[in-house]
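Below: the structure, in structure tokens.
Each chain gets a letter, A, B and so on, in the order the sequences are listed, and its residues count up from 1.
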There are 2 protein chains.
Amino acid sequence: MNLPPLIQAFVLHFGEMGSRWGINRTVGQIYALLYVSPEPLNADAIVEALGVSRSNVSMGLRELQAWNLVRVRHVPDDRRDHFTTPGDVWEILRVLAEERKKREVDPTLSVLRELLMQAPASEAERHAQARMAEMHGLIEQLTNWYEDVRKLETERLAQLLALGSRVARLVEVTDKVVSLGRSRKKEPSDDRSAEWRGGLNRPASREKK
Amino acid sequence: MNLPPLIQAFVLHFGEMGSRWGINRTVGQIYALLYVSPEPLNADAIVEALGVSRSNVSMGLRELQAWNLVRVRHVPDDRRDHFTTPGDVWEILRVLAEERKKREVDPTLSVLRELLMQAPASEAERHAQARMAEMHGLIEQLTNWYEDVRKLETERLAQLLALGSRVARLVEVTDKVVSLGRSRKKEPSDDRSAEWRGGLNRPASREKK
DNA sequence: TCGCGATTTCAGGAATTTCTGAAATTGCAG
DNA sequence: CTGCAATTTCAGAAATTCCTGAAATCGCGA
């Protein structure tokens, strides 16, 4: 690797961090390199900058494209593909959130739903299902919230962020106004467990050894 | 592994998911098992339930304790340690957020700060630093926001979540109200929003000292 | 179509992580 | 202190993931 020290430090850090983020070292390094590069790079330039094999770079770019974190850009008079990261960091944040949700949250949500549909066959299963329902409820709330704020334009999102917890005061005030206007209480009871009871009971006995 | 099918499916899922979450299979399984267990389990019970070695369970519990995701509980008349997860899912969410931030975000933030303090030695480094500054700015905004909402009680937090993007409308309205009554002065200290409002549309390099 | 440079695929070796059994340690009751 | 059960440590085996070079494939211009 032969890069200006500042850039090298950045690239190496992303490489090391990669493992904590569920990506491998090379992928982290490629991303970091593209992120700070002033113009799109072709694969060979990356090979040279990072000192890894051509095929490794090819696979890394592949993975980053699957994550929507790098894009192909064609440079005039050059037959080779060139690669960049989205320029706007907010855009990157959105992509990251979306992809991590897809990989880390959605599968669990769907497994939980499936398990909650089955009829418990014992007291232990009944209790477990209640716990799963709690987890499911929380995740669903979070993803609903995410779906909501995802739609906001960047500028509004930034405003919300900047407000931070002061938003809570707003909510408090609004609450008062609302409860003054309505004598009815608003929180609908969540009989989540009832909702799930009484489904089909698939055998689903996957053994693992 | 010899568990009721529902529980087994849950445990296996967490085991498989573990790798995407940066923990290993056994750790994921132990966590899942404790999460759905109606009472604290001792290490041998876990060994039997999951069919892994005693030492593996010991290491897994160790890691989960480092994550603050399981706690030791002493059962009367039993010399062995027993383990549980925090019961409240919101509590779990807080712990998770805190720990992931500590492991995945803070190190990068500190590296970025360090790199941004160095004088760039070339045009390439200057550009890279500008990009790093953008990234640093975004991460700092996010962590500031997180610090803020972290302090909210669970109930308020849940309210905010439930509001979702409707909060944006609130902000919008408040914005108008504020700008209508612009002559009144607010506390100058909490004007973080204004600081960012200016430069957000263009990701021009906002400098960070 | 052919030729050729760019790119991807893939088998297998290297590196890393996970898991285990045996040995060491801890801590408590007698 | 001794003995013993509970627990942890740790070296190396097993499993998994990462990386490479060689070969296959692609894509485009002639």
Output the rounded distance in Å from [atom1] ([X]) to [atom2] ([N]).
X	N	atom1	atom2	answer
B/R80	D/dT8	CZ	C1'	17 Å
B/D77	C/dC28	CG	P	15 Å
B/F83	D/dA6	CZ	C1'	10 Å
A/L50	D/dT20	CG	C1'	15 Å
A/E16	C/dT17	CD	P	12 Å
B/R25	D/dT17	CZ	C1'	13 Å
B/I30	D/dT7	CD1	P	13 Å
A/W21	D/dT17	CH2	C1'	21 Å

Contact class for [X] (heavy atom, under 4.0 Å): base, sugar-phosphate, or nothing?
X	answer
B/D44	nothing
A/S19	nothing
A/R79	base

Practice task
Under the salt bridge (charged side-chain N to carboxylate O under 4.0 Å, His left out) rule, what do A/E147 and A/R150 come out as? Steps first, then yes or no, please.
Solution key: CA-CA 5 Å; A/E147 277 306 315; A/R150 191 168 67 80; 2.9 Å; yes
Practice task
Inspect the surroundings of CD in B/E114 and state if more than 12 heavy atoms from other residues, nucleotides or ligands are less than 6.0 Å away.
Solution key: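 No, the 6.0 Å shell around CD holds no more than 12 heavy atoms from other groups.
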Practice task
Can you sort out which residues in residues 51-72 of chain A have a heavy atom within less than 4.0 Å of DNA chain D? Ascending by number, please.
Solution key: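 Under 4.0 Å from DNA chain D: A/V52, A/S53, A/S55, A/N56, A/M59.
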Practice task
Using modelled atom types only, decide if a donor and an acceptor are shared between the side chain of B/Q129 and the backbone of B/Q118 within a distance under 3.5 Å.
Solution key: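 Confirmed, B/Q129 side chain pairs with B/Q118 backbone.
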Practice task
Please report the closest heavy-atom contact between B/R113 and B/E140, naming both atoms and the distance.
Solution key: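 Scanning both residues, the minimum pair turns out to be NH1-OE2, 2.9 Å.
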Practice task
Please report the shortest heavy-atom distance between B/N68 and B/P86, naming the atom on each side.
Solution key: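 Closest heavy-atom pair between B/N68 and B/P86: O-CG, 4.5 Å.
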Practice task
Determine whether the side chains of A/E98 and A/Y146 contain a donor N or O and an acceptor N or O closer than 3.5 Å.
Solution key: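 Judged by distance alone, the side chains do pair up.
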Handout entry: Test item: side-chain donor near acceptor, A/S37 and B/R131, under 3.5 Å
Key =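 The answer is no; no qualifying pair exists.
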Problem - Any B/N24 side-chain N or O less than 4.0 Å from OP1/OP2 of C/dC19 - result: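 For B/N24, the contact criterion (side-chain N or O under 4.0 Å from OP1 or OP2 of C/dC19) is met.
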